[in-house]
Amino acid sequence: MHPMLNTAIKAARRAATVINRAAFDVDRIAITEKQHNDFVTDVDQAAEQAIVETLLKAYPGHAILAEESGASANLNDESEFAWIIDPIDGTTNFMHGYPNYCVSIALQQRGIITQAVIYDPVRNDLYTASKGAGAFLNEKRIRVTKHDRLTNTLLASGHGAGPRALDEYMRMYQVTSERCQAVRNGGSAALDLANVAAGRLDGFYEKGLKPWDIAAGSLLVTEAGGICGEFSGESAYLHKGDIIAASPKVFGQMVTLLAAFA
Ligand code: IPD
Ligand code: CA
């Protein structure tokens, strides 16, 4: 295993210890609303601190882009090593004790995601990927589904805060729901991407995401044989924040269906 992936796993497990302890009594979690329906808790912050400390102890010169603390001073487009961190993806679920959230950590090397860890502390599921070396769930190789027709698929989606995002989500939901078996909204984009990689979902789409929601999950999907792209099919999804992720045949059909929302 790549040593940097190993360090990321260690960081994710430390964060999970913080998260699991707090999950025993969600009524004690301190919640702040960043904007309408966009929350941060003291547990997000403590988990993020545990991750950053673990990564920087091993690699003091690496840059950081983390959901709660933002970008380190040495982060730029040319950064040789930058860690992209979401300490809890699915914060709203976590606050309510709804068991669908995860830790997401990715390593970006000169703009390319090369290592990925998503850890689901509820199910004790550890998803890992290294560029060119495949994707794994609890050390077993995972692959995207083989479905080739949208009609046979189970998809997932979600939406960020704000009325515009909701309105567009509703319109996309209508269009996709009419063409596949069902569309789920689980409240954790990173976990949705991990589920696409593991063949538990055929595809995922969402607009307005942040790099920390997508970075690790996108490498899992591509290393599991899937494709990630913007709604136009182009490849700058990490910066754009709009992503379609699916097995190759389903990806093409989803782009055709959703291109009008690009
Ligand atoms: C959110 C989740 C959710 C998605 C939102 C994200 P957070 O991240 O990934 O599934 O629909 O757009 O902001 O706030 O729980 O880290
Ligand atoms: Ca997130």
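Both ligands and their constituent atoms are indexed starting at 1 by order of listing.
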Query raised in the report: Side chains of Tyr169 and Asn185: donor-acceptor distance under 3.5 Å anywhere?
Result: yes

Report task. Establish, from distance only, whether the side-chain atoms of His147 and Asn152 form a donor-acceptor pair under 3.5 Å. Result -> no

Query raised in the report: Could you walk me through whether Gln49 and Gln45 pass the side-chain hydrogen bond (donor to acceptor under 3.5 Å, both in side chains) check?
Result: CA-CA 6 Å; Gln49 200 184 338; Gln45 285 157 342; over 6 Å; no

Query raised in the report: Tell me, which pairs form a side chain to side chain donor-acceptor pair (under 3.5 Å) where one or both residues lie in residues 234-262, sequence neighbours left out?
Result: Ser232-Glu234

Query raised in the report: Please, which pairs that meet side chain to side chain donor-acceptor pair (under 3.5 Å) have at least one residue in residues 186-198, sequence neighbours excluded?
Result: Asp89-Ser188, Asn195-Arg200

Report task. Give, for atom CG of Leu107 and atom CE of Met4, the distance between the pair rounded to the nearest 0.5 Å. Result -> 6.5 Å

Report task. Could you give me the CA-CA distance, side-chain angles and deciding distance for Tyr119 and Asn124, then say whether side-chain hydrogen bond (donor to acceptor under 3.5 Å, both in side chains) is met? Result -> CA-CA 7 Å; Tyr119 184 57; Asn124 193 21; 2.5 Å; yes

Query raised in the report: Do the side chain of Ser157 and the main chain of Tyr205 share a donor and acceptor less than 3.5 angstrom apart?
Result: yes

Query - Backbone N/O of Gly186 and side chain of Asn100: donor-acceptor pair under 3.5 Å - result: yes

Query raised in the report: Is any protein N, O or S atom closer than 3.0 Å to the Ca ion (ligand 2), and if so, which?
Result: Asp86 OD2, Asp89 OD1, Asp213 OD1

Are there any N/O pairs under 3.5 Å between ligand 1 and the protein, and if so, what are their distances?
unit_1, atom_1, unit_2, atom_2, d
ligand 1, 8 (O), Asp89, OD1, 3.0
ligand 1, 9 (O), Asp89, OD1, 2.7
ligand 1, 9 (O), Asp89, OD2, 3.2
ligand 1, 9 (O), Ala189, N, 3.1
ligand 1, 10 (O), Gly187, O, 3.2
ligand 1, 10 (O), Ser188, N, 3.0
ligand 1, 10 (O), Ala189, N, 3.1
ligand 1, 11 (O), His159, N, 3.4
ligand 1, 11 (O), His159, O, 3.4
ligand 1, 11 (O), Glu206, OE1, 3.2
ligand 1, 11 (O), Glu206, OE2, 2.7
ligand 1, 12 (O), Glu206, OE2, 2.8
ligand 1, 15 (O), Gly90, N, 2.7
ligand 1, 15 (O), Thr91, N, 2.8
ligand 1, 16 (O), Glu67, OE1, 3.0
ligand 1, 16 (O), Asp86, OD2, 3.4
ligand 1, 16 (O), Ile88, O, 3.2
ligand 1, 16 (O), Asp89, OD1, 3.4

